[in-house]
Amino acid sequence: MKVYDLRSDTITKPSEGMRKAMYNAEVGDDVYGEDPSVNKLQELCSEITGKEASLFISSGSMGNLIPIFILCRRGNEVLVHEEAHILHYELSSVASISGSMPVAITGDRGILKPEALSSHLRYKAYYMPEVKLVCLENTHNRAGGTCYTINEIDAVCDFAEKNNLSVHIDGARIFNAQVASGVNIKKMAENADSITFCLSKGLGAPVGSVLSGDKDFIAEARIVRKLLGGGMRQSGILAAAGIYALQNNVSKIKNDHEHAKKLAAALNNTEWTSISEKSVETNILIFHVAAGTAHGITDKLKSEGVLCSPMSDSSIRMVLSLEISDDNTEEICKIIKKIAV
Ligand SMILES: *Cc1c(COP(=O)(O)O)cnc(C)c1O
């Protein structure tokens, strides 16, 4: 039986072209700053984000932990959405490693708004923690791949500037946001202090993320990466995959968004759920089912070869990636129609 894996876009495997690029990569010792492929990737990413400097890191989690470590520091508060990846899927690294205190903020569709943030500001008193940093997530994973508008990003950045806070963008899927919103990544990152994105999700590289910011910030980030045990040696082998992904796979992201909409159309008005195509903004779709039925439904889909993740006992997530072709999408729609009448 053919298996269609919709659990995540992290399941993407390097293509033949990417593997060739990895095989042919020029390498050196990156802890000495001497890996030409890593240096090339970092320069490319600085151009993409419009930031002075970039650092190749092992994961998106590290891409959030390093800026929190630097921009928030021990004992201070970082404001994050209550459904943020930082709160749910990165252990308690904010608390246990950075020693910062995460504060969960509410907001529709995973979007942070100044009004919601402002109620968490504090007046200065020696017995109160100090708010130092806001992290926004674009696209927002647990909210279902939702995107910030540029006005929403700028509103958070303006608010932060007025209140002397730094801003970090968790842009694990920032290319999906760029494709869906039509706003250039440079523009999104312009007023933020740092931005991270993943090469290993929809872009299809096997490993790696990138963190961008100004020169001093990235110099410090390099030290913190080493402190976390994340200094890598001939990592150009991996960086080459990242370069290949940026040059070849960004243009494919729009297909994933179309596929997600097609699946939403197939799921809509079945006995399981109703979900509008319009609510699907990027490559993630989350649909709501009757309480207690999510695991039964994902088991049923699995028995037909469709893997997806229950998010709770009443919601299910499907994530599209370049592993799922047009034809695969048609097949999955047929399977849905067959088992969800
Ligand atoms: C995947 C993801 C990350 C990082 O995950 P890693 O598995 O550590 O690479 C960070 N933020 C969001 C929103 C993500 O979806």
Side-chain angles (χ1 to χ4, degrees), residues 8-67 69-70 169-176 178-179 184-186 189 194-253 256 321-323:
S8 177
D9 45 11
T10 56
I11 55 95
T12 49
K13 292 182 183 154
S15 63
E16 197 170 326
M18 184 178 281
R19 286 168 195 256
K20 281 196 181 128
M22 296 172 77
Y23 181 86
N24 290 320
E26 266 188 81
V27 295
D29 190 331
D30 180 56
V31 172
Y32 293 163
E34 290 173 3
D35 188 300
S37 300
V38 171
N39 292 338
K40 185 174 164 196
L41 171 68
Q42 291 174 167
E43 280 162 27
L44 181 59
C45 292
S46 299
E47 276 169 38
I48 289 168
T49 57
K51 294 293 185 198
E52 284 175 1
S54 297
L55 188 68
F56 183 46
I57 49 182
S58 59
S59 69
S61 297
M62 193 182 273
N64 289 328
L65 179 56
I66 292 175
F69 194 101
I70 295 171
I169 299 178
D170 175 358
R173 296 187 179 83
I174 202 72
F175 287 92
N176 296 85
Q178 176 172 268
V179 168
N184 194 282
I185 293 170
K186 270 194 199 102
S194 61
I195 179 166
T196 189
F197 61 84
C198 291
L199 298 163
S200 64
K201 290 190 168 156
L203 292 178
V207 180
S209 289
V210 175
L211 177 65
S212 301
D214 69 26
K215 274 206 178 90
D216 290 347
F217 170 82
I218 291 298
E220 208 174 340
R222 182 176 285 278
I223 296 168
V224 177
R225 182 184 67 173
K226 186 71 178 150
L227 182 69
L228 297 172
M232 298 183 282
R233 302 294 177 174
Q234 284 72 33
S235 43
I237 292 270
L238 300 172
I243 295 167
Y244 182 93
L246 291 168
Q247 290 172 344
N248 294 278
N249 292 346
V250 173
S251 60
K252 297 177 183 158
I253 282 177
D256 303 339
S321 68
L322 36 75
E323 296 288 338

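In what follows, every heavy atom counts, from backbone to side chain, and hydrogens, waters and symmetry copies are set aside.
Not counting sequence neighbours, the partners of Ser209 by the side-chain contact (heavy atoms from CB on, under 4.5 Å) test are Ile57, Thr196, Cys198. With sequence neighbours excluded, the residues that form a ring pair (Phe, Tyr, Trp, His ring centres under 6.0 Å) with Phe175 are Phe197.
Checked by atom type and distance alone, the side chain of Asp9 never pairs as donor or acceptor with a backbone atom of Lys201 at under 3.5 Å. No donor-acceptor distance shorter than 3.5 angstrom exists from the side chain of Glu26 to the backbone of Asp35, with no hydrogens or angles considered.
The OG atom of Ser46 sits 9.0 Å away from the CD atom of Glu52 when rounded to the nearest 0.5 Å. Rounding to the nearest 0.5 Å gives a distance of 11.5 Å between CD1 of Ile223 and CD1 of Ile218. Between the CD1 atom of Ile48 and the CD1 atom of Ile174 there is a distance of 11.5 Å, given to the nearest 0.5 Å. Taken from NZ in Lys51 to NZ in Lys186, the straight-line distance is 12.0 Å, to the nearest 0.5 Å.
Environment of CD in Glu220: crowded, with over 12 heavy atoms of neighbouring residues, nucleotides or ligands closer than 6.0 Å.
In this structure the side chain of Tyr244 never reaches within 4.5 angstrom of the side chain of Pro14, judged on heavy atoms. Side-chain contact check for Pro206 versus Met18: some heavy-atom pair is nearer than 4.5 Å. Looking at Val210 and Ile195, their side chains never come closer than 4.5 Å, going by heavy atoms from C-beta outward. When side chains are defined from C-beta on, Leu41 counts as touching Leu199, because their heavy atoms get closer than 4.5 Å. Inter-residue side-chain proximity for Ser321 and Ile11 is flagged as met; some heavy-atom pair is nearer than 4.5 Å. Side-chain atoms of Ile253 and Gln178, non-hydrogen and from C-beta on, never get closer than 4.5 Å to each other. The side-chain heavy atoms of Gln234 and Asp29, taken from C-beta on, include a pair separated by under 4.5 Å. Within the 4.5 Å cutoff, side-chain heavy atoms of Asn39 are placed close to those of Gln42.
Summarising the geometry of Leu246 relative to Cys45, their closest heavy-atom pair is CD1-SG, 3.9 Å, with the distance given to 0.1 Å.
A salt bridge (Lys or Arg N to Asp or Glu O under 4.0 Å) with Asp30 is found for exactly one of Lys40, Arg225, Arg233, namely Arg225.
Comment: Arg173 does not engage Asp256 in a salt bridge, judged by the lack of any side-chain N to carboxylate O separation of less than 4.0 angstrom.
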Test side-chain contact (heavy atoms from CB on, under 4.5 Å) on Phe56 and Leu211; report intermediate values, then the result. CA-CA 7 Å; Phe56 183 46; Leu211 177 65; over 6 Å; no
